[in-house]
Number of protein chains: 2
Amino acid sequence: MIPTRNVNIIFRRKMIGDVIKIPIRLSTSFQRSVCPKEPTKPSVHLPFPGPKSQELFKELNQIQQAESVQLFADYDKSIGNYLVDVDGNVLLDLYTQISSLPLGYNHPKLLKIFSDDHKIRTLINRPALGVYPGEDYPRMLKNVLLKVAPPQMSNVVTMMCGACSNENAMKHMFISYQRKIRGNDTDYTETEMKTSITNLPPGCPELSILSFYESFHGRTLGALSVTHSKAIHKLDFPAFDWPIAHFPKYKYPLNENMCENDKEDDRCLAEVEELIEKYRKKGKPVAGIIVEPIQAEGGDNEASPIFFQKLQLIAKQNSASLLIDEVQTGCGVTGKMWCHEYFNLPTPPDLVTFSKKMQVGGYYHTAEMKPSLSYRIFNTWMGDPGKLLILEEVLNVMQQEKLIENVNKRD
Amino acid sequence: MIPTRNVNIIFRRKMIGDVIKIPIRLSTSFQRSVCPKEPTKPSVHLPFPGPKSQELFKELNQIQQAESVQLFADYDKSIGNYLVDVDGNVLLDLYTQISSLPLGYNHPKLLKIFSDDHKIRTLINRPALGVYPGEDYPRMLKNVLLKVAPPQMSNVVTMMCGACSNENAMKHMFISYQRKIRGNDTDYTETEMKTSITNLPPGCPELSILSFYESFHGRTLGALSVTHSKAIHKLDFPAFDWPIAHFPKYKYPLNENMCENDKEDDRCLAEVEELIEKYRKKGKPVAGIIVEPIQAEGGDNEASPIFFQKLQLIAKQNSASLLIDEVQTGCGVTGKMWCHEYFNLPTPPDLVTFSKKMQVGGYYHTAEMKPSLSYRIFNTWMGDPGKLLILEEVLNVMQQEKLIENVNKRD
């Protein structure tokens, strides 16, 4: 837990890892009418964190390693853009629970969702969605997730969190790559079946995923192998030997450094091609590329539409899939529903992962990527219909309150 | 989706992967009083799956690979032990959503949980628990999760699902192993910091986890590397080169084959020791052992208390941690809260993972296993307080209705 003297660090830390736009709902007169009881300004009592937070911290730290905890919140009193803590401090929240609360605290429309009996039953009878989905699951996928799908992406799979979404989207890329090599994804040889059980090729082939320095894609061992933002996430954990390329680092202002920045794109893209070649020769061909539209946790690194267009072309030329990780950048925060919509890609990316503000994890993929067999991408829960109910209302409010338009007005 | 003629396969499939005991709430006269509207018997109309399920399947299969779906359920009408589908079929449910519904459908006590305003706010203001937990989080961990903790396990970490729980518990074992080697888990060299970013040793050391044939621990790439039950889960996906030992296969009846089964224990344990030695020499030392108390998805394979006692001893002798995966066997289904309580281990296992019936993922660990630094085991959500609210009531009902005692009566 942060010591008293570091009160400002909270606010500085909040900015790290968040995307560049102003959070969607930062006070407008319209906003005031939605949240009439929202405070007008922050109010912090010293010492901070206060005595109640300190007390609860001691209690929690007995039960688990809790040093990352900054304060204990009062989620009944928090409202709109303001987080209220257990000591009565009122904080303007730019952090939104690591980008997970698109509408701030206690939005009146969200408070009403579960006054409906069917929705309560959806919450408590949690299904194994891959086996016994509820009657309304196809409709929910269509009316909620596909309603805001990236252009031309017709398929969607739900998961539990961002890391699992990236893990499964990577698995999806491996299936797709092997299908291209083998000509199908249905006829496996006996040797493949047998060796797969023991983690060995050809059943478990030595394929790789190309990622970028400073990237963040999650912390499970597969997702962590494509994450390169901070040592603290990775120390002591074994990782796959997969290729890592440099993400462009531009000089600003952009319009005064166009030539140099074009060269920076080319340098990074040439490295991507070299690495694909290197890993092919090494016997670990690149099945897919994973990339954030804006590197967030690893800094605030943006790349040009041209960079992404050329990256997609390189992927296609090498039979690799392109996975755009929009866990951090998705759900309207950049002024479009999905940040990669700014890139004018000639064809959609093969997969787009989401989580955080979307309330539930998952990924969109193109129709061509659909595996031929079931149980390839599968787990017990396959997402959570209860979270889809919250997302449904979040998207309704975003539309009714014109929140994406609001983000664009603040450019 | 299964064709009409295979109606019985559903019931056979249901048995695969579930543990051996009779499901907790299978109709008793007491049960009848809790669920007065529960049907008295199944009722299935042919053809099965019915026309509505078939129609919804077509719709869903356009959106995602849905061939694993067996039927579409009506979760408003399902009750107690009976799953009602959209065509009005009434099925006696031994499958319980892949072991996720400890109290059956629409238990009256669970239906009431979210009539409380604070609990609704807990649902919609989902926190980043590692940074801003709510006021009641330490109390919930104590009164809910620690109340049913395995003996002498004082620490608990929550996660989102079973696979993530195993992934993070494995990371926890890597930290612990490196701490033993290094003497601390706070002072990392510059070389370690630097190489960790690029997935290379010494920052990302080549450590391994020992697992067993026929095991199932999840499907993210790390968890999948210790899963060896079925080829369909593993084909096309790269995996870590980690050691795999044989899990005992006993001859039954046990009391007539004691001598042979003892030898089988010894054979498997000798293999564990050989593999630990082999992987040490290979430069991939075993940091931990992951094992199910009863192999479930991979069959219905049990091992003796002696086997587990000796396995724990081997782990200790080799500075490896022991992780018992109770995702499938936990939450009372074997007649004890945790199946490994049958093993009379002289000291607790280092970690015990849970999910499924527990509603939320996570793991218990001993106080000694606590990492010194924060952000080592971390992610955006770190579990879900909304699911803890459901678990709280599940455990209350299990106590009030004496469900674990009921399981034991049915031995």
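Proteins come first, then strands; the chains are lettered A, B, ... in the order of their sequence lines, and each starts at number 1.
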**Prompt:** Looking only at side chains, do N125(A) and N106(B) share a donor and an acceptor under 3.5 Å apart?
**Reply:**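 N106(B) and N125(A) do have a side-chain donor-acceptor pair below 3.5 Å.
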
**Prompt:** Side chains of Q97(A) and Y105(A): is there a donor and an acceptor less than 3.5 Å apart?
**Reply:**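 There is such a pair between these side chains.
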
With a 4.5 angstrom heavy-atom cut-off, which part of [X] approaches chain A: side chain, backbone, both or neither?
X: S154(B); answer: backbone
X: S372(B); answer: backbone
X: N166(B); answer: neither
X: K370(B); answer: side chain
X: E214(B); answer: neither
X: Y188(B); answer: side chain
X: E135(B); answer: both
X: Y177(B); answer: neither
X: K52(B); answer: neither

**Among N168(A), D241(A), L207(A), I232(A), residue most engaged with chain B (heavy-atom pairs, under 4.5 Å)** =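 Highest number of pairs under 4.5 Å: I232(A).
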
**Asked** Where do W242(A) and S208(A) come nearest, in terms of heavy atoms and distance?
**Response**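 Heavy atoms only, the tightest pair is CD1-CB, 3.3 Å.
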
**Asked** Cation-pi between K119(B) and F114(B): NZ/CZ under 6.0 Å from ring centre and within 45° of the ring axis?
**Response**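 Because its charged atom misses either the 6.0 Å distance or the 45° angle limit, K119(B) does not stack over F114(B).
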
**Request:** Please lay out, stage by stage, how R182(A) and E192(A) fare under the test salt bridge (charged side-chain N to carboxylate O under 4.0 Å, His left out).
**Result:** CA-CA 12 Å; R182(A) 188 192 291 108; E192(A) 283 175 316; 3.2 Å; yes

**Asked** Quick one: what part of L146(A) sits under 4.5 Å from any heavy atom of chain B, side chain, backbone, both or neither?
**Response**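 The side chain, not the backbone.
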
